[in-house]
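Written out below as structure tokens is the structure these notes cover.
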Amino acid sequence: MTGEMFLQSLANGISLGSLYALIAIGYTMVYGILRLINFAHADLLMVAAYVAFYGMLVFTMPWWLSFLLAIVVTALLGVTIEKVAYRPLREAPRISVLISAIGVSFLLENLGIVAIGARPKSFPRPEEIVWNIKLGDISFLSLTIIIPLITIVLLVAVTYMVNKTKTGIAMRAVSRDFETASLMAVDVNKVVSTTFVVGSGLAAVGGIMWSLQYPQIDPLMGVFPGLKCFIAAVMGGIGSIPGAMLGGFVLGMGEVFLVALLPELSGYRDAFAFVILIFILLFKPTGILGENVVEKV
Amino acid sequence: MDRQRIKSLLTLGLIVLSCLVLYLGEEYLGKFNTRVLNLAAIFVILGASMNLVLGFTGMFSLGHAGFMCVGAYVSAILTMSPESKEMIYFMEPIISPLDKIHWPLFPAIITAGLVAALFGFLIGFPALRLRDDYLAIATLGFGEIIRIVVTNAISVTNGSLGLKNIPPIKSLWVYWGFAIATIWILKQLINSSWGYAFKAIRDNEIAAEAMGIDIFKHKLLSFTIGAFFAGLAGALMGHLITSVDPTMFRFLFTFQILLIIVLGGLGSLTGSVIAGVLVTVMMEALRFVEQPMNFFGLTIPGIPGMRMVIFSLLLLAVILFYRQGLMGTREFNWDWVLDKLGVGRRKEKGVGVDG
Amino acid sequence: GCGGGGAEKQAAQQPAADVIKIGVFEPLTGTNAAGGEMTVEGIKLANQLFPEVNGKKVELVIVDNKSEKQEAANAVERLVSKDKVNVIIGSYSSSLSMAGGPIAKEAGIPVIGCSPTNPAVTLGNDYYFRVCFIDPFQGTVMANYAVEKLGAKTAAIIQDVQQDYSVGLSNYFEKSFKKLTNNDNAIVAKVNYNSGDKDFSSQLTTVKAKNPDVIFAPGNFLECGILVEKARELGINAPILGGDTWEAEEFLSRVKNTKDIYFSTHFDADHPVTEMSNKFMEEYKKAYPGKQVNAFGALGFDTYILALDAIKRAGSADPKAIRDALAATKDFQGATGIITLDANGDATKTAIIKKVVDGKFAYEGKVDPK
Amino acid sequence: MADARKRGSGWMANLPSDSILVTDNISMQFGGLKAVSNLQLNIAPRQIVGLIGPNGAGKTTAFNMITGVYKPTEGRVIFDGHDITGRRPNQITELGIARTFQNIRLFASMTVLENVLLSKHVRLRASLLEAVLGLPRYTRERRQHIEECMALLEQVQLADVAHEKATALPYGKQRRLEIARALATQPKMILLDEPAAGMNPQESLELMEFIADIRERFGLTILMIEHHMEVVMGICEHIVVLDHGETIAKGTPSEIQNNRQVIEAYLGAVDESA
Amino acid sequence: MGRWMKVLKIEDLHVYYGGIHALKGISMEVPENKIVTLVGANGAGKSTTLRAVSGLVPAAGGRITWRGEEITGSKTVDIVKKGITLVPEGRRIFANLTVLENLHMGAYARTDKEEIKKDINKIYEMFPRLREREWQAAGTLSGGEQQMLAIGRALMSRPKLLMMDEPSLGLAPLLVKEVFRIIKEIHSQGMTILLIEQNARAALQVADYGYVLETGRIVLQGPGQELAANAEVQKAYLGRS
Ligand SMILES: Nc1ncnc2c1ncn2[C@@H]1O[C@H](COP(=O)(O)OP(=O)(O)OP(=O)(O)O)[C@@H](O)[C@H]1O
Ligand SMILES: Nc1ncnc2c1ncn2[C@@H]1O[C@H](COP(=O)(O)OP(=O)(O)OP(=O)(O)O)[C@@H](O)[C@H]1O
Ligand SMILES: [Mg+2]
Ligand SMILES: [Mg+2]
């Protein structure tokens, strides 16, 4: 591998990895609080992308305004989903909630197909934020720098919120025991809603960044990043926010370098994601930074 | 007449009745309905076997589609005629000795199950050390890995081109025969000492281990049996559709099975049977919403995708209002029927020894 | 049962003599929904233009196969045994077509495929026909073009391993290219991706390092649009070649500022192969304003008019007669070219090579079948 | 218990051989915390031994090391002549140590009888195939196990609720069921973790009688953790006191009650209610 | 008990768990600044009564009033904010939070940062073991340590009525005494306490008033000392015949 190819791959890896990380943080956050694999998270990416798309093209809003609108709409949708589909199932077995999440996911995807059609649309790239950067023989999009920056800023913000603020501590308390949390005068519904606002907002940012990076959007566009980022979140230890970040980078870098080093194996790229995941889990059964919750006997 | 006797007679009656229904179905149902029912039988097998792993043993495993994939390919490759293989593998010829093998259907289907079970065993070995969501994602991963390997191993599986001309099976007898046998075996298993061990592991792993149960061995057993029946169902699916390719066995397929067992009730075989049939039939029955409709001369054009929208809404409604699924953990049994009918009973609640 | 009895009776009661039913099974939901949607647009357009044959009304029965094989099989079974259609059209994705094929064959109902290019679809099934050319032909055409017109000595292949279409095309391209260049090492790189992938940077980085004269990247317009765009971003300037699936608005919007993009396709508006090409173009723009004409729509259109033509030629709505008429199709004037169906039921027709120029698809040349 | 007869060679030779359970200086380290250090227990067959100490002293941790839930970071556990250090809990159970849990762990979906019956699973000789096919050997064995378990439930006075859901029982009965379930594994020794927790004094008294009774009836060795002094002092023949993982005293109940260190760390000044 | 101001009043309270009729018409009163205890066998409905007051289980019938204001059907959060705090059965500490964070959760409704700090220090003085474990995840504490934390956490809300469900469960004798000492101490600082204890003898000793529950009904009530001397009570709950 030449040095130039290595650098190019590095740039590729950073841009993919930080995107994975960004979306994985949202997953992990909701999981951390509700112990719920929020399948609808993937579809929130799609909703955000479409809102931003229509904002820019149909309502000819400036890009930043439609991005903002997308984040708000997605956050509201996320809260609504929680209210309608997850809240009534708080006492139910976890798997029922999971099925409910899958149901919401199916619903959003198929509503998308019915309402806007399955044909993909081309997502506009505002020139102010997306341009090509060339450094010698290496070339990459400005997004390769912007996305990691956004990811890190959000990571720090979310980590601070969860660990240092009162709401954050309440979130973690609620994650284990709704009833006792309510005995501490915590309004559980409000805390859960806040979690979904933040988680869905993160999904929206992820969806927009994803659409800028891969500017083609369709109703099923969330499925693929949804799975990959979930893998990333698990790899890092689901529930752990720095873990999600780490998982995203490991996965993104890993995928890029696998193909770069062993092009014959490029067809196995998705399998590879699972192979490293399984490999990591065998040594750390709760992911790289996952808390090792041993049940005290 | 004592109750045991009545129950045996009723069971016998039910068997005769099912045979009669199958016979009549075969004669009068028509091809389309038969096909849907055959598909339902496959989903019943899938649901029941996944329920064993997930509902009864409490292992959150999502690798079912992968095991189906193994089963479907094994049975297809074993039963396709050598001429067909030569024709289908036009990019890279199939490797020897698979090119000459030409087995009859029945042993091939069983072998498919066994090979899938072997995969289950090999995958379970490392994976079952994990728990909950971690187990789920790892098994899902193994399932996907199987599928991706099948996609890339062109000289064995023909890759993404898939296989066709798989010998067809059309008869209700075969599919429902396998389904009924599966249910019977799983019911026997679940009511046996082993079944209780599975449930104990689900309820409280630490206590089960303290009662002398080898957790790992039992989990592996349950997982392997689940894989066996998934393989069987995969093989049957191949013979129903007569062509297979890797895209059939995406992980989304596993979610469809998951949906069936949760709808039916985790930990209820009866529930899996009911939901398996219901979901399959409903998917077809719901098609009318995509056809153009005529309301008093007002024609509403068919909206593609509407069926899935309604399906998702129904699914959500069931989960939100019947959170335990249709059956909860209850099972169909004659005692219940007899109680309803007011036939007197002695106090003889059966445990383990099946009545 | 599933309440089928009633519906079946209804179907039987209908005055079958007055209408001819054409069944359509296409993926309208699930992973292949986009392709199915475009195809159905073409079919519906043709039905609006030609609503009658032999003095009878033609009724379309469109069913969704959800991009799943078992659903596709159910869908075809439903069309033949419940809706009692006279002829079937479908389906996008060879895999789905193969799930339906045997059922139609057994019921004796002919099927015409729009875009399933896998040779196995029609192999051994004398009731399956198609209006598209098959992978071997297209792959060979593009290899010829690369060597003869572009003067390529080396090539790289980027294929979607999950797509039979992509794998098949690549395979035939590779064979022809090696033969034409007389060099067993002419393919300097062959890398894979999976349907749904959106990140191709690592594959392209690998290809770039090998510096091939051309890149052959058959696959869905969805992935390929991003792939081509990314390639140019990475500074890969070699010509990139693809197949007929590229003729889509979405693809064009991605690559419109790039040069040296070539692909084989079925027709071109400026060089109409047939009268029908023009008509299709005009009508399509009228019916679907704002949408760009695409190959799938055109192929869907052609399957319908070919079906009608066969019914006319057969002089009856009897499926067997239609099948025989289809098998005898010769020099049929479709929107996508002049179609002759060979012994396998596959179309032999002229391929057109197009190129992206100034943000538009432009005619580059044509290749006649040998 | 210091009577060390030579048996074989190596380190095991130095251990007292009339003990059924020996923990040879076991320690357990959790990160920076040494929860148990150098615990030496030598328990003679049919003895009732109490393990007491302040909360967090490491009692439950000691149980967990003996029953294989944790592997001691140092030391060995010898049971009935077998070195069981680091074996899986189920293997240890098969060798004859059964236990109950500080926080009750019943099988929630099962009835009382099924809970007990489960302990017989490992004793089953019939194969899985025989069970699925319902062949005679399996049904015979199974029937026999049911009879044994019913007899056991009879003895622990739970027969009348045999077909109730285990978790629907009142607390006291659930505790007794946990003991019955442990007994069904046919143990030589049983470890009870706070069996009287959550019982009122009257119920504790009944429990004491029950424990003394099962010792006689099944010839058991009993090691128990308990904070109710009336129970501990009432039935234990020997008591070991832990504090901060260290063994601070060993002896008979009266010795322990008067041990200054124990009073300071655990009992508090003379308690009129004890 | 007429001369005291009754802060908590329960009248004819009924509670169902699905089909199980757990409380069958309970009426009782808790006067200000007093310790009231509930005694009864396992499953009598003691915990259910406290849970109903906290709004964790809905009352199917009857009224609960707090300082003359009806709180039946109010949300738990609002009840807690009024100053009624429950130390739940089985400790229920937040296993994934540190000891310190658990204490902060107790003060969730409070905003007086300085006072909170002081209160935390007070708790640490009461239970020095907690200070040692300040940064440990609460889930790995021993049973007794968790109980201390649960009591400490409840005190952090500065409740007006503290309801404790078996606070001495699983504690070492020294700590049991300690708990009762603390109960007396916080009582002497003016807190009203409603206490459930299996250790009926100790409970009745500290209590001003007691109620005896049997299968969802109150069968006996009276001043603590009086009940402790009652022969029936002695036979059934105190282990003396
Ligand atoms: N898995 C673990 N990880 C970390 N620390 C642990 C773990 N298990 C126990 N500990 C610690 O070890 C010490 C001893 O705990 P243990 O449960 O053995 O106490 P105990 O003597 O049973 O107390 P109690 O009477 O309160 O039940 C405690 O300080 C506890 O916090
Ligand atoms: N969540 C529940 N679901 C069903 N029944 C319940 C539930 N909680 C309690 N019960 C039942 O309600 C009755 C009263 O229970 P409660 O917990 O109030 O008793 P208690 O007096 O606190 O007993 P203990 O001393 O065991 O704590 C019991 O019969 C119990 O089985
Ligand atoms: Mg303990
Ligand atoms: Mg209670």
Rounded to the nearest 0.5 Å, how far does CG of A:N12 lie from CG of C:L234?
6.0 Å
Check this for me: C:K175, atom NZ, are more than 12 non-hydrogen atoms of other residues, nucleotides or ligands nearer than 6.0 Å?
yes
Inspect the surroundings of CD in A:E128 and state if more than 12 heavy atoms from other residues, nucleotides or ligands are less than 6.0 Å away.
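Yes, because the 6.0 Å sphere around CD of A:E128 holds more than 12 heavy atoms from other groups.
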For [X], is it the side chain, the backbone, both, or neither that has a heavy atom closer than 4.5 Å to a heavy atom of chain C?
| X | value |
| --- | --- |
| A:F123 | backbone |
| A:E255 | backbone |
| A:D270 | both |
| A:P225 | neither |

Structural part of [X] lying under 4.5 Å from a heavy atom of chain A:
| X | result |
| --- | --- |
| C:K198 | both |
| C:Q159 | neither |
| C:L28 | backbone |

Is a side-chain N or O of C:R254 found less than 3.5 angstrom from the main chain of A:S122, in a donor-acceptor match?
no
Taking the side chain from C:N194 and the backbone from A:G267, do they hold a donor-acceptor pair closer than 3.5 Å?
yes
Return the minimal non-hydrogen interatomic distance between A:S9 and C:T205, and the atom names on each side.
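The answer is OG-CG2, 4.0 Å.
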Do you know the tightest heavy-atom contact between A:V259 and C:S202?
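Taking every non-hydrogen atom into account, CB-OG, 3.5 Å.
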Ion pair present between C:D199 and A:R269, side-chain N to carboxylate O less than 4.0 angstrom?
yes
Out of [options], which one racks up the most heavy-atom pairs below 4.5 Å with chain C?
| options | value |
| --- | --- |
| A:L258, A:L19, A:I113 | A:I113 |
| A:D218, A:N110, A:L141 | A:L141 |
| A:Q216, A:Q213, A:Q8 | A:Q216 |
| A:P263, A:G117, A:P120, A:S15 | A:P120 |

Within residues 31-41 of chain C, the residues sitting under 4.5 Å from chain A by heavy atom, in sequence order, are C:T31, C:A33, C:A34, C:E37, C:M38, C:E41
